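Owing to the predicted nature of the structure, the values given are computational and were not obtained by experimental measurement. In what follows, chains carry the letters A, B, and so on, assigned in the order in which the sequence lines appear, proteins first and then strands, with residues in each chain numbered from 1. When reading the values below, keep in mind they use all heavy atoms of this one structure, side chains included, and skip hydrogens, waters and symmetry mates.
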Number of protein chains: 2
Amino acid sequence: MAQAQTAVSERQDTQQLILDAAEAVFANNGFDGATTRAIADEAGVNSALIHYYFRSKERLFEAVFARRSGAINDRRRRLKDALFASGGTPALEELLDAFLRPTIELGRDEEHGGHNYTRLLVHVATGTDERSRRMTGQQYDAIAIEFVDAILKIVPGLTRELAVWGYLQGVSVGVILMARTGRAADLSAGECRDDDVEEVIARARTFIAAGIRALADPEKTTTKKPNQKEETTT
Amino acid sequence: MAQAQTAVSERQDTQQLILDAAEAVFANNGFDGATTRAIADEAGVNSALIHYYFRSKERLFEAVFARRSGAINDRRRRLKDALFASGGTPALEELLDAFLRPTIELGRDEEHGGHNYTRLLVHVATGTDERSRRMTGQQYDAIAIEFVDAILKIVPGLTRELAVWGYLQGVSVGVILMARTGRAADLSAGECRDDDVEEVIARARTFIAAGIRALADPEKTTTKKPNQKEETTT
DNA sequence: GTCTATAGTTCGATAGAC
DNA sequence: GTCTATCGAACTATAGAC
């Protein structure tokens, strides 16, 4: 699509074209479903160039996954540090906003392909295969520990173990919301819309903050099963 | 593995052997990463039999996905109906227990391959491709609406729109927990374990119940962004 | 129902000209 | 850096003997 006549600011080198195309094709088809030929076609380049710039399909995939993770986590860290900069302790809702905003906003950015990355991230972050676990850990473990530490500073009565669980359960909410599966609309006859970034973030923020605070309440975290009679089929 | 000498109760016909093997191979490799040859080898049957019993790889995948969904949702429904049977209104935690228990327990059932199904379910439920959305809707829309209705009966001050969001955000927590990615252990130097079913359910129950109740609080659900100065890089 | 054999594609990757 | 051409290996699916 991008020809030599386009403005300088829109010019992209071949490597970026391939990364953008790969991001879209991997997001739509997964690693195994995507083909290097389809990526080359999407990028408008010769398929041999993929192996020239990236050694293999595997390395291309890892490059795509790593490309945006730095920007996401830099922004999360900047927002979080700004909250603590004045010396006080921010509200839990503010901390969660700092965590959620970069990915939720990216998931609504169709102009620069951000929505493709978030769909890919959902796939990798929820995968149980060895490659998914390795890549998720490499790119997102450090920021995870920073936010767990921050949660511990803000919420009294929370053990580190419970903070990790609260963080992960919160992440799972954010993961689903950044991908826009359209399921909310399906279940509500179109009443629920997921295109308003501020509303999506506000709901997730409220939900997760209350959930984490509840985990700190020792009365609530007993493992006793509530009284239930499992009725047999009548 | 299962030979002719095994007890009658352990005998399985070829079709079930293929479904069990396909469940494991699809869970480990996804739809495109799994091959019919690998499934046949895992099942110990000739690869041509897969196309004899199921017409195509696609239909086999759908059969695998549909096989356990009926049992899961029947049990959810039975547990839920038992809670309302006495005429009273159950606690929100009890309703969530009924929803979470079938999948969380299935995810820890390695003896009958249930853990393979839950990993597959995570993949399909979070997928944005057309097949994933279609299959998720076909198997899980009906039970979703039943539980949204139940949430509306239990929690005062909740609109249907917010109940759907609360349900979906709760589901996302349950989805992550049923797959056992091991990430909690990674982030806590092994301190967090996810093998105790009752503890996993209790934490999720507490977290989600508090989150849904918070959504009903009109003061909390404003879409106003909290005061934050996004610090530029120093 | 179960097997062998194979048709017909498509894949990732590379060699080598320009 | 970019292209054409192609290799060797895999894949799904089926035909046909038993």
In terms of side-chain heavy atoms of S56(A), which of dC11(D), dA13(C), dT14(D) is nearest?
dA13(C)
Would you mind reading off the distance between D32(B) atom CG and dT9(C) atom P, rounded to a whole angstrom?
20 Å
OP1, OP2 of dA13(D) versus side-chain N and O of H51(B): anything below 4.0 Å?
yes
So, are R119(B) and D129(A) salt-bridged, with charged N and O less than 4.0 Å apart?
no
dT4(D) P sits how many Å from Y52(A) OH, rounded?
17 Å
May I ask you to say what A34(A) touches in the nucleic acid, namely base, sugar-phosphate or nothing, with a heavy-atom cut-off under 4.0 Å?
sugar-phosphate
Given atom CD1 of I39(B) and atom P of dA13(D), what is their separation to the nearest angstrom?
11 Å
Going through the distances and angles, do Y167(A) and F147(A) end up as a ring pair (Phe, Tyr, Trp, His ring centres under 6.0 Å)?
CA-CA 8 Å; Y167(A) 169 83; F147(A) 273 81; 7.2 Å; no
Rounded to the nearest angstrom, tell me the gap between atom CD1 in I50(B) and atom P in dC11(D).
12 Å
Separation of R37(A) atom CZ from dG12(C) atom P, in whole Å?
7 Å
Proximity to the side chain of L49(B) - top-ranked nucleotide from dT2(C), dA13(D), dA15(D):
dT2(C)
Using a cut-off of less than 4.0 Å, is there contact between a side-chain N or O of S47(A) and OP1 or OP2 of dG12(C)?
no
Can D194(B) and R183(B) be counted as an ion pair, charged N to O under 4.0 angstrom?
no
Please say whether the positively charged group of R131(A), taken as NZ for Lys or CZ for Arg, lies over the ring of F61(A), i.e. under 6.0 angstrom from the six-membered ring centre and within 45 degrees of the axis.
yes
When rounded to whole Å, the NZ to C1' distance for the pair K57(A) and dC11(C) reads 8 Å
Does OP1 or OP2 of dT2(C) have a side-chain N or O of T14(B) closer than 4.0 Å?
yes
Please tell me which of the listed nucleotides, dT14(C), dG12(C), dT2(D), lies nearest to the side chain of A48(A)?
dT14(C)
For the side chain of Y53(A), counting heavy atoms from C-beta on, which of dT2(D), dT14(D), dC3(D) is nearest?
dT2(D)
Which nucleotide sits closest to the side chain of N46(B): dG12(C), dC3(C), dC11(D)?
dC3(C)
No-hydrogen, no-angle side-chain donor-acceptor test under 3.5 Å, Q16(B) and R67(B):
yes
In this structure, how many angstroms lie between the C1' atom of dG12(C) and the CD atom of E58(A), rounded?
12 Å
Measure CG/D41(B) against P/dC3(C) and give the value in whole Å, please.
12 Å
